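For reference, the structure is listed below as C-alpha cells.
Sequence positions, counted from 1, serve as the residue numbers for this chain. Note: hydrogens, waters and symmetry copies are ignored here, and every other heavy atom, side chains too, is used. Because the structure is predicted, anything quoted here is derived from the model rather than measured.
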Amino acid sequence: MADASAQTADDPLANDEDRFFQLIEQLPMVAVQGYDRERRVIYWNQASTRIYGYSAEEALGRRLEDLIIPHRMRDEVIEAHRVWLAEGVAIPSAELELQHRDGHTVPVYSSHVLLRQASGACEMFCIDVCLQEQKRAEQKLVRQAHYDGLTGLPNRFSMEQELACRITRAGNEGQRLALLFIDLDEFKLINDTLGHDLGDRLLQAVAARLALVVGPPNWLSHFGGDEFVAILADVDGRPEVEGFLQSLRDQFADCLVVDDVDYALSASIGVSLFPDDGRDSRSLMGAADAAMHQAKARGRDGYCFFSQAISDQLHRHQQVVTLIRQGLERDWFQLYYQPQVDLRSGRIRSCEALLRCFPAEGGPVSPAEFIPVAEKSGLIREIGQWVLQQACQQLAQWQTTPLAGLRVDINVSANQLIKQRFDDQVLEVTRQFGIPLKQLGLELTEHEMMSSQDAEMAQLHRLYNAGGHIAIDDFGSGYSSLVYLRRLPLCTLKIDRLFLQNALGNDADMAILEAIIQVGHRLGLTVLVEGVETAEQDRLVRDLGCDAAQGFYYALPMPADELVAFLATTTGADWSAFR
C-alpha cells in the first residue's frame with residue numbers, strides 16, 4: 001500500500017486544495033470563516049483573528065451569531081441562513097458593521113458561498129474584506145472637507161451647507177435667525193510683522209474664545225483667513241442679537257496670551273437677519289459682509305447691522321464697478337490737465353493729469369466716487385495702466401509743439417506697485433513712446449508712500465535713479481513724518497490743501513505750513529502747495545517761499561487741446577525754456 005504522503009503528492013486536487021488554504025491564510029485583511037448547517041465554525045483563518053480578535057481555538061465550534069454578529073442583527077442573520085438552506089435564496093453581499101471581541105464594530109464587505117457535499121452536508125463560507133483603513137481615509141476626507149485643520153471649527157463649505165439648512169428650517173417654522181460675519185482687525189499686520197506661525201496660534205486662541213460664547217443651538221465656523229461666521233438660531237430680534245454681540249466683544253477685552261506674551265486684538269462684526277435682510281444664503285452672507293465692511297469704515301472694533309443705506313451703497317458700488325469696466329472698454333475716460341505754476345518765474349513747467357469719466361448717459365461721474373471703488377475692486381491697476389499709456393501718448397504728440405518740454409505728473413496707487421512690476425511698465429511705456437523719463441512725474445499719497453514695503457520702495461528708487469520725477473502728494477493729511485522724508489526717493493513735496501485753507505486764520509496751521517516748507521527746502525525738495533484759490537492765498541505761498549503752486553486761482557483742469565490754447569495765451573510764457 002502506498003504511503004499517504006506520497007498519495008497526496010500524486011493527487012493534483014489535494015495539492016490545489018493545499019495551495020488554496022495556504023493562500024487564504026496569507027491574506028492579511030480578508031477574513032474567511034467556514035460554518036456548518038448549525039452555523040458553528042469549522043474554519044477560521046488568521047485574518048479572522050486579526051479582524052475580529054478571536055483565535056482559531058476560541059472560535060472553532062462556536063456559532064456565528066455568538067461571535068461576530070451584533071445583537072440587533074442576530075435574528076435577521078439566523079433567518080437569512082435558514083432561508084438559504086431551505087429555499088436556496090442566497091444571502092446578498094453587502095457592507096456590514098460586525099462585532100469585534102472587545103465590543104467595537106468592524107466595517108467589512110461581506111460575501112457568502114454555500115457548498116453542498118455529495119453526502120448532502122452543507123458548509124457556508126463567509127469572506128469578509130476589512131474596510132477599516134478605507135473608512136478611516138473616508139472619514140479623514142470628510143473631516144477635511146467640512147472642518148478647518150487649523151482651528152478644528154467647521155469650514156466655509158460646512159457653514160454654507162448649515163446656513164442653507166437653517167434658513168429652510170427657520171422659514172418652515174416661522175423663526176428668525178442672525179448671521180454674524182466676524183473679521184479680525186489689522187490681522188494682516190500681525191502675519192506680516194510677527195510671522196504666520198504666531199498668526200496661526202492667535203487664530204486658534206480666537207477660535208477657542210469665540211467657541212465659549214457660540215455654543216449650541218448656535219453655530220460657529222472658521223470662514224477662512226482671519227474671518228469667522230456665526231449663526232444665531234431662533235432670535236427674537238435686534239436687542240437679543242446686540243446682547244450676544246456684546247458677549248462676543250467681551251472676549252476681545254482681555255489680551256490673548258501666546259508664549260507668555262500678551263496680544264491685543266479686536267474684531268469688526270457685520271450682522272444680517274433672516275428674513276429681513278435676505279431669504280437665502282447668498283443674500284444673507286452678502287448683507288453680513290457689507291455690514292462688516294461698514295463697521296470697519298466706522299473705525300473698527302465694533303459691529304454694524306445691515307440696513308437699506310448699506311444696501312444702497314452696495315448697489316451703487318456695483319454700478320460704479322460696471323461703469324469703470326465699460327468706461328475702459330468704451331473710451332469714457334479722459335485725462336484733464338491742471339497747470340502747476342513756478343512761483344519765481346511765473347512760467348508753467350508741469351501739470352497734473354487728472355482722470356475724468358464721461359459715460360454715454362447720465363452725466364459725468366466724480367473721481368471722488370469712482371477712484372475709491374476702483375481701489376477696492378482692484379480695477380485701479382487697469383485704470384493706472386490706461387493713464388500711463390494716455391499720458392505718454394499725449395507727451396509724444398506734444399514733442400513737435402511748443403509744449404515739448406512740459407512734464408506731466410500722473411497719480412500712482414500703491415496697488416499698482418504691490419500687484420505689478422510698475423517700474424518695468426513705466427520704463428517700457430516711456431521707451432515705447434520715446435518720452436524722456438524726466439517728463440513723466442509720478443505722484444503717490446503720503447499714506448501710500450509711508451506704508452510701502454521694501455519691494456515697492458525698491459521700484460520707486462529704481463525709477464528715481466533712472467531720472468524719474470517722484471512727488472509725495474497730499475503731505476500733511478496722513479502720517480506727516482518729516483524724519484521719514486529723507487529716506488524716500490523724492491523730488492517734490494506737495495502740501496495738502498487743508499493747511500493752506502486754514503493757515504490764514506489759524507496761527508498753528510500757519511506755523512506748521514511754514515515749517516514743512518523749510519524742512520522740504522533743507523532736504524533739497526521742490527515744495528508745491530495745492531488748492532490755491534484766491535489772490536490772498538497766492539500772496540501767502542509766495543511770501544512763505546513756496547517753489548510752485550496749483551489751484552483754481554491759476555487754472556482749472558482742462559482737456560489737452562484747451563491746455564495748448566491756454567498756455568499759448570498765458571502772460572509771461574517763455575516756450576524756449578521748454579526745449
Side-chain angles (χ1 to χ4, degrees), residues 17-36 38-84 89-115 122-159 161-162 165 204 207 216 221-222:
E17 185 176 341
D18 236 12
R19 283 194 293 270
F20 173 73
F21 279 104
Q22 287 178 21
L23 172 64
I24 62 175
E25 282 297 330
Q26 298 303 314
L27 296 174
M29 301 305 289
V30 180
V32 180
Q33 315 107 45
Y35 301 92
D36 63 15
E38 302 300 323
R39 298 176 306 283
R40 296 184 187 278
V41 177
I42 59 174
Y43 177 75
W44 191 266
N45 74 343
Q46 293 179 18
S48 297
T49 298
R50 282 192 292 269
I51 294 172
Y52 297 118
Y54 296 98
S55 67
E57 291 76 13
E58 292 173 313
L60 289 172
R62 296 181 63 179
R63 293 182 187 275
L64 167 66
E65 59 268 24
D66 295 331
L67 288 170
I68 63 175
I69 303 301
H71 183 75
R72 57 183 172 77
M73 293 173 54
R74 289 183 182 181
D75 291 344
E76 179 185 349
V77 168
I78 293 170
E79 177 62 15
H81 184 255
R82 185 196 67 78
V83 171
W84 196 0
V89 179
I91 299 174
S93 300
E95 282 194 22
L96 301 174
E97 294 279 342
L98 300 182
Q99 188 164 294
H100 190 274
R101 178 179 180 177
D102 66 11
H104 74 265
T105 57
V106 180
V108 298
Y109 185 82
S110 187
S111 300
H112 309 84
V113 177
L114 189 64
L115 301 180
C122 293
E123 295 175 355
M124 180 178 71
F125 285 85
C126 295
I127 300 96
D128 298 334
V129 180
C130 184
L131 302 177
Q132 280 183 310
E133 290 303 318
Q134 292 93 319
K135 293 297 181 182
R136 288 194 189 101
E138 288 176 9
Q139 290 169 359
K140 183 178 180 180
L141 289 174
V142 168
R143 181 161 187 84
Q144 289 175 342
H146 290 83
Y147 289 85
D148 171 51
L150 178 65
T151 63
L153 294 175
N155 60 14
R156 177 174 181 170
F157 174 75
S158 186
M159 182 280 299
Q161 288 187 320
E162 182 72 16
C165 291
Q204 291 171 334
S221 70
H222 184 205

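For the atom pair Ile69 CD1 and Asp75 CG, the distance stands at 11.5 Å (nearest 0.5 Å). Rounding to the nearest 0.5 Å gives a distance of 5.5 Å between CE of Met124 and CG of Leu64. Residue Asp148 holds its CG atom at 14.5 Å from CZ of Phe157, rounded to the nearest 0.5 Å. Atom CG of residue Leu60 and atom CD of residue Gln33 lie 11.5 Å apart, to the nearest 0.5 angstrom. We find the OG1-CG distance between Thr105 and Leu96 to be 11.0 Å, quoted to the nearest 0.5 Å. Between the CE atom of Met73 and the CD1 atom of Ile68 there is a distance of 9.0 Å, given to the nearest 0.5 Å.
In this structure a side-chain-to-backbone donor-acceptor pair under 3.5 Å is missing from Arg62 to Val41. Between the side chain of Gln204 and the backbone N or O of Leu150 there is at least one donor-acceptor pair closer than 3.5 Å. Formation of a donor-acceptor pair under 3.5 Å by the Ser48 side chain with backbone atoms of Val32 is found in this model. Remark: side-chain polar atoms of Asn45 are paired, donor with acceptor, to backbone N or O of Val30 under 3.5 angstrom. Remark: side-chain polar atoms of Trp44 are paired, donor with acceptor, to backbone N or O of Tyr54 under 3.5 angstrom.
Heavy-atom minimum distance, Gly61 versus Arg40: O-NH1, 3.4 Å. Here the closest heavy-atom approach between residue Ala31 and residue Tyr52 is recorded as CB-CE1, 4.0 Å. Here the shortest heavy-atom pairing between Ser110 and Asp128 reads OG-OD1, 2.6 Å. Here the shortest heavy-atom pairing between Glu58 and Gly53 reads OE1-O, 4.1 Å.
When each of Arg39, His71, Arg74 is checked for a side-chain hydrogen bond (donor to acceptor under 3.5 Å, both in side chains) with Glu65, only Arg39 meets the rule.
For Glu76, the CD atom sits in a loose shell: 12 or fewer heavy atoms of surrounding residues, nucleotides or ligands are nearer than 6.0 Å.
The side-chain heavy atoms of Pro154 and Met159, taken from C-beta on, include no pair separated by under 4.5 Å.
Ion pairing of Lys135 with Glu97 is absent here, as no side-chain N (NZ or NE/NH1/NH2) approaches a carboxylate O to less than 4.0 Å.
Qualifying ring pair (Phe, Tyr, Trp, His ring centres under 6.0 Å) partners for His104, counting only residues two or more places apart in sequence or in other chains: His100. In this structure, Tyr109 has no ring pair (Phe, Tyr, Trp, His ring centres under 6.0 Å) partners at least two apart in sequence or on a different chain.
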side-chain contact (heavy atoms from CB on, under 4.5 Å) between His112 and Trp84, worked out:
CA-CA 11 Å; His112 309 84; Trp84 196 0; 3.5 Å; yes
